[in-house]
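A short write-up of the structure that comes next.
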Amino acid sequence: MLVNRADSRPINVLVVGVGGQGVIMVSKVLAQLCLEQGYEVKQSEVHGMAKRGGSVFSHIRFGARVWSPTIPEGEADVLLAMEWAEGLRWLPSLEPERGIFIADTRRIVPPFAFRNRRRGADPAYITTRPDEVLDRVAGGYAIDATREAEALGNGRAANTVLLGALSTALGFPAEDWLAVISRFVPSKTIETNRQAFHRGRTVIEAGDLPDLSAPPAAPAAAAPVATATPATDRVTWRIEPSWCKGCNVCVTICPERCLALDQRKVAVLAAPDACTGCRLCEYLCPDLAITVSDGALSVAIEGAASPQPAAADPGSRR
Amino acid sequence: MTAMTKIDDRFDVRSWLREALFPHFLCPGCGHGIALRALVWAFHDAGIARDRLAIVSGIGCSGRIGAYIDTNTFHVTHGRPLAYATGLKLARPDLEVVVITGDGDCLAIGGNHLIHACRRNIDLTCVMLNNEIYGMTGGQVSPTTAEDRWTTTTPAGNIEPAFDACRLAEAAGAGLVGREMTLHLPALRDLLVEGLMHPGFSFIEVISDCTEIYGRKNDLGLPAEMMLCQTGSLRPDVYTSTVDQPFRPNRLRTGVLARSDRPGYLARISRVSDR
């Protein structure tokens, strides 16, 4: 698949990813290459949150004459996504008729996707499969570039694998690409990057593409802990009602808002399903009345069955 | 030092308490209860056996904390826990002696004992629970009460500047000086473990809250609000002036503030006791 360079308008390449993946390096390589091929090039980027694993994108436009540095929505000829969710986020920028979508299927799950603090909970990461996306775009490839790079001995060369894939869409000679790449990477890694670039080209040209019906691969280290049962089944929340003075600290401080004071002004677990077992209430209970521990869920209020003298007169508990 | 912020399920706070004395006498929301948990957790994490430990506490709300811990405890005269603890440590150097004291007990009435314990660098751990007031005796002004605050002895507002006890202890020569707040319980526990492990005198200031006598009378909010405000605005200016922690939301300087490896008093007394 090749971008049609006969057009009078500039060729637009949108490179997206998260901080640390090399989005800026890839766009620098491409911009330099296009300059050397005799085109006018304009490049602009947003990388403010890059160091925090945040969203990074870079617009590269080249052609006989380029006026604006940014790509209008729906006019990107190539969308190069170095992270799966970022690729989906920028999909509307792709030219609907001819746009080429090249994506790494590797998931980098951001911290804010872990909104459910329960142990073993799935992150709120998009579940769209690569084959579903490729059905919707004019053309493209989804490859596990990180795995390809790791097979070559350095997972950080994944961006160069994707550059290799990108090179098949733009049609410049491979030697020219490699000459520019070797100027931009550290001298020790030139050989690794050369191999990674060729690997990216081979994967696309030989059609050596992975099975797209599988969900996007997640790195083993970041995979959620597999648990057969939700965490509430393993958390026990107990209170010693005669020790509780009803100061309301636990009710205010609970991140899940699952505690409340009953009519006796004693803390109770009002929403056991919401409890994640974080133990904040136990730690900050000034009366040492709360105990949170792992075990079968039983909201056992000790002594609640027998009549408490404290229940009749809350003041006497002081 | 133990691993930071670990969750140890084997730690059972109630196994360290004299449960017959519970519920404790502290007011609803009093930060001293959280300090009590941090202390016994630190004993557990530091691996101190119960019969190797002695707790000396003075008069005040803080002084009552010692009585709730199921170990060797001494409840002594106002302001003098450091003096008693010095004698105890010299008589029984094998014991781990911990002093629990309050801001009034330690800085006003026992101020002399504090500076000389720091100067001697005697091998004790002094835990000062700072709630900025004499709570138990009826809410009199203490050396750490912030300016303009109402107390029973300053009905028109406190005109005295507040004391920074950590700078005092450091200047007087304490081996380890630290400060932490009850809101950050795991950090407080780790700091207490560090203090217990340090040979020589360790002085640890625990930022606590007096919710009834101080917070309610000064309109400082409900107990939970006071606790969350430990990170900054409620505290006297002396605590906010020396801070350079851009990534901490609070302006209060916490953690280990000073450390020196000066030989402790016991190491030096052994040199002369053999003569």
Side-chain angles (χ1 to χ4, degrees), chain A residues 51-52 117 119 225 231 234-255 257 259-261 264-267 276-296 300 302-303 308-311 313-318, chain B residues 5-41 61 65 68-69 129 131 181-189 208-212 215-216 221-230 247:
Chain A
K51 277 200 173 174
R52 303 258 175 204
R117 281 173 282 214
R119 259 178 276 174
V225 183
R234 292 180 287 108
V235 175
T236 313
W237 189 92
R238 274 184 323 204
I239 188 157
E240 181 70 62
S242 62
W243 291 15
C244 176
K245 299 195 180 97
C247 66
N248 215 38
V249 164
C250 56
V251 177
T252 311
I253 224 137
C254 174
R257 300 279 185 268
L259 300 172
L261 292 188
R264 296 180 299 163
K265 297 267 188 210
V266 170
T276 63
C278 73
R279 311 185 108 190
L280 203 54
C281 55
E282 180 189 10
Y283 287 179
L284 296 184
C285 175
D287 300 322
L288 310 172
I290 299 175
T291 310
V292 181
S293 56
D294 285 357
E302 290 181 355
Q308 290 278 320
D313 177 18
S316 71
R317 278 183 284 116
R318 304 246 167 120
Chain B
T5 63
K6 67 170 185 183
I7 292 177
D8 187 352
D9 276 328
R10 290 165 303 167
F11 167 65
D12 176 17
V13 66
R14 292 177 69 151
S15 68
W16 278 85
L17 301 179
R18 291 173 175 153
E19 295 200 19
L21 298 179
F22 274 74
H24 57 50
F25 86 114
L26 298 166
C27 306
C30 175
H32 286 13
I34 304 168
L36 170 59
R37 175 187 291 275
L39 256 175
V40 294
W41 202 346
C61 299
I65 298 297
Y68 292 119
I69 305 177
L129 307 183
N131 58 3
M181 52 188 97
T182 54
L183 176 67
H184 297 164
L185 177 105
L188 173 57
R189 173 203 60 197
S208 182
D209 290 313
C210 177
T211 53
E212 282 293 313
R216 196 162 56 82
L222 296 168
E225 291 166 356
M226 281 190 79
M227 199 193 295
L228 292 167
C229 286
Q230 285 177 356
F247 291 105

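Every chain is numbered from 1, with letters handed out A, B, ... down the list of sequences.
- Here the CG atom belonging to A/Leu280 is positioned 9.5 Å from the CG atom belonging to B/Leu185, to the nearest 0.5 angstrom.
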Show your reasoning for whether side-chain contact (heavy atoms from CB on, under 4.5 Å) applies to A/Leu288 and B/Phe22. CA-CA 9 Å; A/Leu288 310 172; B/Phe22 274 74; 3.8 Å; yes
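- Atom OG1 of A/Thr252 sits about 7.0 Å away from atom CD of B/Glu225, to the nearest 0.5 Å.
- At least one side-chain heavy atom of B/Glu19 sits under 4.5 Å from a side-chain heavy atom of A/Trp243.
- Between B/Pro223 and A/Val249, the shortest heavy-atom contact is CB-CG2, 3.8 Å.
- Both the backbone and the side chain of B/Leu183 come within contact range of chain A, judged by heavy atoms closer than 4.5 Å.
- Using a 4.5 Å cut-off between heavy atoms, B/Thr211 does not touch chain A at all.
- In this structure a side-chain-to-backbone donor-acceptor pair under 3.5 Å is present from B/Arg37 to A/Glu282.
- Proximity to chain B (any heavy atom under 4.5 Å) is restricted, for A/Ile253, to the side chain, taken from C-beta onward.
- Taking SG from A/Cys247 and CE from B/Met227, the interatomic distance works out to 7.0 Å, rounded to the nearest 0.5 Å.
- At least one donor-acceptor pair closer than 3.5 Å links the side chain of A/Lys245 to the backbone N or O of B/Leu26.
- Residue B/Leu222: no heavy atom, backbone or side chain, is found under 4.5 Å from chain A.
- B/His24 places a side-chain N or O within 3.5 Å of a backbone atom of A/Pro286 that can act as its donor or acceptor partner.
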